[in-house]
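Just so you know, residue 1 is the first one in the sequence shown, and it goes up from there. The structure displayed is predicted, hence computed values, not measured ones. Remember, it's 1-based here, ligands and their atoms both numbered in the order they're listed.
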Amino acid sequence: MVAIYPGSFDPITNGHLDIIKRAAKLTNKLYVAVLNNSNKKGFIPIDQRVELIKNAVNEIENVEVIYFNGLLVELLKEIKIDCIIKGLRCALDYEYEAQMAHLNRDIYPNAETLFMMCSPRYSFLSSSAVREIYKFGGDIDKYVPKCVEEKIKKMEELL
Ligand code: PNS
């Protein structure tokens with residue numbers, strides 16, 4: 001199976017990485033796709049998010065990191081993949097992700113979304129929480145891959 005794990009990854013967290021590692025074991029090839037979430041204002045520039053994810057996943061052979069500017073279903077058509085993988089942390093995620101899954105399949109009936117429960121130890125973690133902790137001077141090293149921690153610390157100008 002070939003699948004796509006989409007997200008805004010702003011930045012990639014250890015929770016995302018956990019899903020990527022587990023999804024990569026279930027798939028022949030896993031695309032990690034950075035897309036725009038128009039409800040969210042960007043923190044890290046897209047090209048740098050892609051580089052950070054590449055760095056974080058460089059030891060997983062069957063993972064490829066890509067960027068797409070447009071609808072997820074258009075990316076599915078372009079690379080001829082039908083399977084979307086999403087991580088769920090809690091019921092709130094389910095509400096939002098169920099709507100997205102229905103919507104994507106309504107636009108493109110081949111699009112199937114498979115959900116994976118995140119590991120309990122990451123159930124409270126989000127990119128927005130990481131940004132907030134960092135913004136107020138807290139320690140983010142437990143929550144993100146090392147390369148992300150180093151990168152964010154160099155991004156003082158974004159604060
Ligand atoms: O990590 P996120 O922010 O929850 O990821 C959401 C993302 C980027 C996967 C979602 O916003 C998305 O698919 N964006 C691309 C545009 C699109 O296809 N939107 C859904 C139909 S309106």
### Task
Can you sort out which atoms of ligand 1 are near G70, meaning under 4.0 Å from one of its heavy atoms?
15 (C), 16 (C)
### Query
Cation-pi between K77 and Y108: NZ/CZ under 6.0 Å from ring centre and within 45° of the ring axis?
yes
### Task
Ignoring hydrogens and angles, tell me if any N or O in the side chain of H16 forms a donor-acceptor pair with the backbone of T13 under 3.5 Å.
yes
### Message
Tell me the protein heavy atom at minimum distance from atom 17 (C) of ligand 1, and give that distance in Å.
### Response
L71 CD2, 3.6 Å
### Query
Are more than 12 heavy atoms from other residues, nucleotides or ligands located less than 6.0 Å from atom CZ of R22?
yes
#### Entry: Any non-hydrogen protein atom less than 4.0 Å away from atom 10 (C) of ligand 1
no
### Message
Less than 4.5 Å apart, side chain to side chain, heavy atoms only: is that true for I66 and L75?
### Response
yes
### Crowding at OH, Y94 (>12 non-hydrogen neighbours, <6.0 Å)
no
### Message
Suppose I only count heavy atoms of L103 and a 4.0 Å limit; which atoms of ligand 1 are within that range?
### Response
21 (C), 22 (S)
### Task
Give the atoms of ligand 1, by number and element, whose distance to some non-hydrogen atom of L72 is under 4.0 Å.
13 (O), 17 (C), 18 (O)
### Query
Side chain, backbone, both or neither: which part of N36 comes within less than 4.0 Å of ligand 1 when only heavy atoms are counted?
backbone
### Query
Which atoms of ligand 1 have any heavy atom of G7 under 4.0 Å away?
1 (O), 5 (O), 8 (C), 9 (C)
### Query
What atoms of ligand 1 come closer than 4.0 angstrom to any heavy atom of K40?
2 (P), 3 (O), 4 (O)
### Query
Taking both backbone and side-chain atoms of H16, is any N or O found less than 3.5 Å from an N or O belonging to ligand 1?
no
### Query
Where is the tightest heavy-atom contact between A111 and N104, given as atom of each residue plus distance?
CB-O, 4.1 Å
### Query
What atoms of ligand 1 come closer than 4.0 angstrom to any heavy atom of M100?
20 (C)
### Message
Using heavy-atom distances only, which candidate in L75, N104, L76, N37 approaches atom 6 (C) of ligand 1 most closely?
### Response
N37
### Message
Testing the basics here: between A23 and I85, what is the closest heavy-atom pair and its distance to 0.1 Å?
### Response
CB-CD1, 3.9 Å
### Query
Quick one: does Y96 get an N or O within less than 3.5 Å of an N or O on ligand 1?
no
### Query
Which is it for D18 and S119 under the side-chain hydrogen bond (donor to acceptor under 3.5 Å, both in side chains) test, yes or no, and what are the steps along the way?
CA-CA 7 Å; D18 173 59; S119 300; 2.7 Å; yes
### Message
Would K86 count as a polar contact of ligand 1, with the cut-off being nitrogen or oxygen pairs under 3.5 Å?
### Response
no
### Query
Got the closest protein heavy atom to atom 2 (P) of ligand 1, with its distance?
S8 OG, 3.4 Å
### Main-chain N/O of R89 paired to D93 side chain as donor or acceptor, under 3.5 Å
yes
